[in-house]
Amino acid sequence: MSAALLQTLRERLGAAAVLTEGDLSAYEVDWRKRSRGKALAVVRPGNTEEVAAVVRACAQAGVTLVPQGGNTGLVIGSIPNPQGEQVVLSLQRLNRVRAIDRENLTLTVEAGCVLQQVQAAASEAGLFFPLSLGSEGSCTIGGNLATNAGGTQVLRFGNARDLCLGLEVVTANGDIWHGLSGLRKDNTGYDLRHLMIGSEGTLGVITAATLKLFPQPAATLTAWAAVPSVAAAVQLLGLAHQHLGPGLTGFEMMGRYALSLVDHHYPQLRVPLWQDHAFCVLLENADTESEAHARARFEHLLEVALESGCVADAVVAENLSQAHNFWHIRESITMAQADEGPNIKHDISVPVSAMVAFVAEAEAALQAAVPGIRLVNFGHLGDGNLHFNVQGPASMAPMAFIDAHEAQVNTIVYERVRAHGGSISAEHGVGSMKAGMLPQFKDPTALALMRQVKQALDPKGILNPGRVVG
Ligand code: FAD
Ligand code: 2HG
Ligand code: ZN
């Protein structure tokens with residue numbers, strides 16, 4: 001059966017687009033190198049019709065598919081299982097910019113466009129596409145939409161979902177839904193676009209998207225502020241909202257231990273102010289008037305914050321290169337963790353008003369359970385989203401710590417998340433890493449409806465089985 005399928009795929013796509021030999025680890029191993037799969041084949045269609053042909057052939061053969069973009073996901077959702085029975089459907093060759101409409105402020109791109117390429121296409125047209133993630137050099141817009149990615153501009157512009165107006169999707173039986181609309185208003189029934197976004201390849205294969213663009217800000221300024229506590233960071237967030245209004249585009253908090261990892265692994269980045277303060281905050285202010293206006297408002301905010309005591313010290317970037325360096329430090333935390341060795345990741349959200357209590361309770365409970373535990377605590381505080389990652393004590397080998405304590409640590413963290421009305425996956429998705437936890441943390445009626453949706457859209461279970469709804 002699988003030999004016949006491979007033959008059909010080769011005839012339809014050409015042999016060069018159907019990979020079965022050589023080193024396929026880029027498609028089979030997850031970004032953190034925690035999980036390794038084995039593909040029956042990696043197929044690389046070059047256009048939407050070819051994607052549809054692949055899905056139809058696999059559905060007919062009863063072979064399941066794993067859609068894949070840049071394979072940067074952090075919840076084990078884009079690699080095949082180890083049995084060698086799944087086809088990896090790589091969207092990387094669908095990488096064309098199809099259209100730009102400056103008057104309508106929209107951009108239509110294929111799913112395999114790398115996020116940086118999308119940002120550049122907007123910028124070349126004198127416009128701005130705000131989605132921004134540390135992985136933007138290799139993640140794809142299709143993967144961003146499939147995971148409803150967040151990143152560092154959510155505070156002002158929303159998640160990937162909020163930036164998408166239309167989709168082109170190949171359904172589980174190989175039909176093509178032509179939904180590439182640039183309309184901002186269209187109330188003609190159920191919004192299938194929002195069903196597909198965040199479905200992590202389990203309901204359809206996204207082949208193209210129409211995205212919202214924005215005017216470029218006249219000036220963007222970045223500041224790095226040292227704060228004594230999470231409570232102080234939350235107070236600073238309130239002041240920033242009050243003083244900058246919609247000009248506040250980014251608010252990232254970073255704990256001392258997280259910054260120490262960047263300092264250790266990338267000393268050339270020269271992390272400012274981290275040694276003497278419990279947390280640092282990276283703030284971004286985008287202004288529609290002028291740089292002078294932006295700087296004056298920013299400096300006034302920081303004066304008020306210094307006077308109130310919620311900021312201990314601060315520096316506003318003098319130029320673009322210093323601002324880039326601040327962002328580079330922030331975005332290097334994930335790589336620095338990878339260099340340090342495995343830890344237990346928690347991509348959680350709680351209301352901003354519950355953040356102080358959540359961190360205090362979770363940290364105390366973790367220290368009581370495993371004394372010496374180290375918290376790599378950082379993230380998008382402006383969105384109530386922390387990467388509350390737990391590294392073992394210095395005395396324990398990383399994998400020994402994970403093997404012995406992962407279940408206990410997860411229970412401690414997720415029970416506090418639940419108690420504060422939060423989510424066990426803020427922005428990375430469910431994948432197979434958290435699929436088993438949904439029955440415990442998701443409202444049972446919501447989960448039952450999700451399963452019915454899966455059954456209705458993919459009755460044969462062809463698309464990314466074992467992910468999201470299991
Ligand atoms: P993949 O990893 O290839 O796939 C992710 C999921 O989407 C899988 O379930 C896959 O089956 C599905 N999928 C992929 N393409 C399609 C498609 N065309 N149609 C249907 N399904 C598809 N995430 C954030 O939200 N915020 C961050 O700030 C952030 N920062 C990161 C920083 C680093 C250094 C790294 C390594 C990751 C980060 N991530 C972040 C996680 C990751 O980059 C995002 O989830 C990203 O959206 C995944 O895109 P991708 O193209 O790599 O998708
Ligand atoms: C980020 O915000 C990413 O940098 C990755 O979402 C988070 O490394 C992590 O846990
Ligand atoms: Zn993040």
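Each ligand, and each atom within it, is numbered from 1 in the order the structure gives.
Between the side chain of Q116 and the main chain of S138, no donor-acceptor pair closer than 3.5 Å is present. Side-chain atoms of Q86 never come within 3.5 Å of backbone atoms of A39 as a donor-acceptor pair (strictly under, hydrogens ignored). Of the possible donor and acceptor atoms, one in the side chain of D30 sits under 3.5 Å from a partner among the backbone N and O of S35.
Protein N/O/S atoms closer than 2.8 Å to the Zn ion (ligand 3), listed by chain and residue number, are H380 NE2, H387 NE2, E427 OE2.
For R36, the CZ atom is loosely surrounded, since the number of other residues' heavy atoms within 6.0 Å does not exceed 12.
A heavy-atom separation below 4.0 Å is not found between E252 and ligand 2. Under a 4.0 Å heavy-atom criterion, G204 is in contact with ligand 1. Ligand 1 lies less than 4.0 angstrom from a heavy atom belonging to G150. Within the structure, the closest approach of N464 to ligand 1 falls below 4.0 Å when heavy atoms are considered. Look at N389 and you'll find a heavy atom under 4.0 Å from some atom of ligand 2.
Shortest contact from atom 4 (O) of ligand 1 to any protein heavy atom: S78 CB, 3.5 Å. Among protein heavy atoms, atom 23 (N) of ligand 1 sits closest to H428 CD2, 3.5 Å. Ranking the protein heavy atoms by distance from atom 46 (C) of ligand 1 puts N144 ND2, 3.5 Å first. Remark: minimum distance from atom 11 (O) of ligand 1 to any protein heavy atom is reached at P67 O, 2.6 Å. Protein heavy atom nearest atom 5 (C) of ligand 1, with residue, atom name and distance: T147 CG2, 3.6 Å. Scanning the protein heavy atoms around atom 12 (C) of ligand 1, the nearest turns out to be A146 CB, 3.7 Å. Looking only at heavy atoms of the protein, atom 6 (O) of ligand 2 is closest to H428 NE2, 2.7 Å. When only non-hydrogen protein atoms are considered, atom 49 (O) of ligand 1 lies nearest to C139 CB, 3.5 Å. Annotation: atom 32 (C) of ligand 1 to nearest protein heavy atom, S135 N, 3.6 Å.
Each of the atoms 8 (O), 9 (C) of ligand 2 lies under 4.0 Å from some heavy atom of Q337. The distance from ligand 1 to the heavy atoms of G77 drops below 4.0 Å at these ligand atoms: 8 (C), 9 (O), 10 (C), 11 (O). Proximity to R330 (heavy-atom distance under 4.0 Å) selects the following atoms of ligand 2: 1 (C), 2 (O), 4 (O). If you number the atoms of ligand 1 from 1 as listed, the ones under 4.0 Å from a heavy atom of T334 come out as 34 (C). Interface atoms of ligand 1 facing A149, defined by a heavy-atom separation under 4.0 Å, are 25 (O), 47 (O). Atom numbering of ligand 1 starts at 1 in the shown order; those under 4.0 Å from a heavy atom of G201 are 20 (C), 21 (N). Listed by atom number, the atoms of ligand 2 under 4.0 Å from H380 heavy atoms are 2 (O). Which parts of ligand 2 touch T334 is read off a 4.0 Å heavy-atom cut-off, strictly below it: atoms 4 (O), 5 (C), 7 (C), 8 (O), 9 (C). For ligand 2, the atoms lying closer than 4.0 Å to a non-hydrogen atom of E427 are 2 (O), 6 (O). Near G143, meaning under 4.0 Å from any of its heavy atoms, are these atoms of ligand 1: 14 (C), 15 (N), 47 (O), 49 (O), 50 (P), 51 (O), 53 (O).
Under the 30°/60° scheme for interplanar angles, the aromatic rings of Y414 and F441 are found to stand perpendicular.
Taking all atoms of both residues into account, the shortest heavy-atom contact from R193 to C164 is NH1-O, 2.8 Å.
Here's the thing with T72: one of its N/O atoms is less than 3.5 angstrom from an N/O atom of ligand 1. Between I206 and ligand 1, at least one N/O pair is under 3.5 Å apart. Between L133 and ligand 1, a contact under 3.5 Å exists for no N or O pair. Geometrically, ligand 1 and Q68 share no nitrogen or oxygen pair separated by less than 3.5 Å.
Between R330 and E252, at least one side-chain nitrogen of the basic residue sits less than 4.0 Å from a carboxylate oxygen of the acidic one, meeting the salt-bridge criterion.
When heavy-atom distances to ligand 1 are checked against a 4.0 Å cut-off, T140 comes that close through both its backbone and its side chain. Contacts between L91 and ligand 1 below 4.0 angstrom, taking non-hydrogen atoms only, involve the side chain exclusively.
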Item to check | Worked verdict on L375 versus V390 for side-chain contact (heavy atoms from CB on, under 4.5 Å) | outcome: CA-CA 5 Å; L375 273 185; V390 181; 3.9 Å; yes
Next on the checklist: Determine whether Y266 and I329 satisfy the following criterion, side-chain contact (heavy atoms from CB on, under 4.5 Å), listing intermediate values before the conclusion.
Outcome noted: CA-CA 9 Å; Y266 313 112; I329 293 167; over 6 Å; no
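Checked by atom type, the side-chain pair S78/Q68 shows no donor-acceptor distance below 3.5 Å. Side-chain contact check for Y257 and Q391: at least one donor-acceptor pair (N or O, by modelled atom type) lies under 3.5 Å. No side-chain donor-acceptor contact under 3.5 Å links Q119 and S123.
Of the residues listed (L203, L457, V205, L89), the one engaging L463 in a side-chain contact (heavy atoms from CB on, under 4.5 Å) is V205, and it is the only one.
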